[in-house]
Amino acid sequence: MHTTVTARLTAHHRHCDDLLAEAERAAKQNWERCTERFKTFRDSLETHLQAEEQQLFPAVEPVLSPVEGPTLSTGGPTSVMRAEHEDMRGLLRLLEGSIEAADAEGFQGLVETLFILMQQHNMKEENVLYPLCDRILQGSRSMLADTLKLP
Amino acid sequence: MADGLAFHQAPPLSAPLRFFLTAPWFGLAAAAVLAWGGPAALASRWTPATLAATHLLTLGMLSMTMVGALIQLLSVVAGAPLRHPHRVAGIVHVCLTLGTALLATGFLGFPLLLTAALPLLVTAFAVLIVSAAQSLWTSSASGPTPAAIGLSLFALAVTVGFGLLLGLAYSGHLPASQRWLADLHPTWGMVGWIGILAAGVSYQVVPMFQMTPPYPPRLTRWLAPGLLTALAGLSAAAPFAAEGLSLPFGLAGAAVAAGLVLYGATTLALQHRRRRSRSNPQFAFFRIGMASLLGAGGFWATAQAFPNLGQRPEYPLLLGVLMLGGFALSLVIGMLYKIVPFLVWLHLRQRAPKLARLLPTLERILPEARGRINVRAHLATLITALGAAMMPSLVYLASLALAAASVWLGISLAQAARTLHSATPPNAGKVKDAGEPSAPG
């Protein structure tokens, strides 16, 4: 009995949420800790995004968007996920800027924006995309879920 | 962008937004009607002004917002976007807006307008129910939230059916209806349509956006079907209760109240264990909502224990204020303060994907300070409305508070939406461009 994409990536979403919440909490009292927690969060999120973009999505894209032929990753649902990943990376860069400038207020405003973006993105993945990936991978007896590169 | 899985096809911005921007102004209309009716309006729940104000709030503000949210949520939580979002949103919005305005005017002494409102409202809800059911039916997503959405739509159909019968009787097209029918209509609306939908959406929104532990799976699996079964039992027992056989009716009522209290208490307990330190207006509104729900449950139970209380004309008014204003409106207003700035942000991002880093933050689109002021105005409305239910002369104060809170909400949302038209994002100049994001894929 191997694990599912849904179980592994959903658990990792919660892990990233926790790290971001810790950074947010620390922003009020302890800027050093906030910086440290934010960096852990950023790396963790980046690992997650890469596991999806480099391992999961390529494995399911041929099944998910078969009609679209050569434009596999430009029009299907995974391309929307990829675009939202880029939005998150954009916000991460802004957050890095506010960390460097020690701008706690700006940091919190950006965290709120990133948090909402992440959660609605996670909702779509956890409710629809991951279960779909599991069905596709189960059909091909893939063990991909076990090999996802997550810490 | 035709593909097998369409969950990413978020509806066009205008589809939900038109509902959200309309809703607050019906709150203002309700305040005007209450002020116009004055203290005499609160003699019972059957006075023209009370009926008009109640429907302005339940249809114009609550259902208006919930329909908009549903159009948006179907794609996010159920992977089931509406097939023709523009057309559906257009028809439902126009019919619901006109129908609600006509219905309220009809209650105030123009039965002809009331008759005209009925086909409009039936059309609005029928179009919504049929298209949402169609999307849910063909979606691959399963789970408690899509299931609860489906059940709440069924409850909405029942509510509309009872409402149609009552409306035809009120305007003289049918013989005067039974009192129990008039009680079942708001019960199905509040518990079935609003309560079940709120619970189904909470299963997703509370753990994810407020960072709480998840709801217990047993609750998410059984609450919505349980509430619906209890409502069906209540409806079957109602005619017998009118004949004097009240035990089955009382038991079914207790089951309904227990289900709602369970939902409210679980939500408050989860929120107590949230992992995010920061409070925000949505969170405050949610807590007011859950506290009111528990208050309503307790008040209902007290009235069962002391039947004299339940017979008093204040009782249904107080229960109505707690459920409608305290529970439902709090949730809906709180949600608006989150969903509107996010939709605006998402749209700005889609319009200029290369400028992602130059976009305003949510805080700039709709500052939380505005939401915090709305929390206070809403609390003032609730307290004065509860007071007015017992001391009708307070109705002017309650109307004033409701008017202020509604106008504040309307202006806040309109300002957030106006960000869409500003040529440059408010903080565009403050951030240096660090290179374009890499292309997807």
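Residue numbers start from 1 in every chain, and the chains themselves are labelled A, B, ... in the order their sequence lines are given, proteins ahead of strands.
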Relative to chain B, which segment of [X] carries a heavy atom at a distance below 4.5 Å: side chain, backbone, both, or neither?
X      : result
A:E126 : side chain
A:Q120 : both
A:L117 : both

Distance check, rounded to the nearest 0.5 Å: [X] atom [atom1] versus [Y] atom [atom2]?
X      : Y      : atom1 : atom2 : result
B:M208 : A:R14  : CE    : CZ    : 4.5 Å
B:L346 : A:I116 : CG    : CD1   : 12.0 Å
B:Q210 : A:Q119 : CD    : CD    : 11.0 Å

Counting N and O atoms only, with roles assigned by atom type, does the side chain of B:T361 sit under 3.5 Å from a partner on the main chain of A:L110, one being a donor and the other an acceptor? no
Give the minimum heavy-atom separation between B:F209 and A:F115, together with the two atoms involved. O-CE2, 3.4 Å
Among A:K28, A:H13, A:E22, which residue forms the greatest number of heavy-atom pairs with chain B at distances under 4.5 Å? A:K28
Side chains of A:D17 and B:R276: does their closest heavy-atom pair fall under 4.5 Å? no
Quick check for you: among B:E368, B:E363, B:Q204, which has the greatest number of heavy-atom pairs under 4.5 Å with chain A? B:Q204
Is any NZ, NE, NH1 or NH2 atom of the basic residue among A:E24 and B:R275 found under 4.0 Å from an Asp or Glu carboxylate oxygen of the other? no
Between A:E86 and B:R349, is the closest basic N to carboxylate O distance under 4.0 Å? no
Can you tell me if [X] has over 12 outside heavy atoms packed within less than 6.0 Å of its [atom1]?
X      : atom1 : answer
A:E105 : CD    : no
A:Q138 : CD    : no
A:R135 : CZ    : yes

At a 4.5 Å cut-off on heavy atoms, which part of B:F342 comes close to chain A: side chain, backbone, both, or neither? side chain
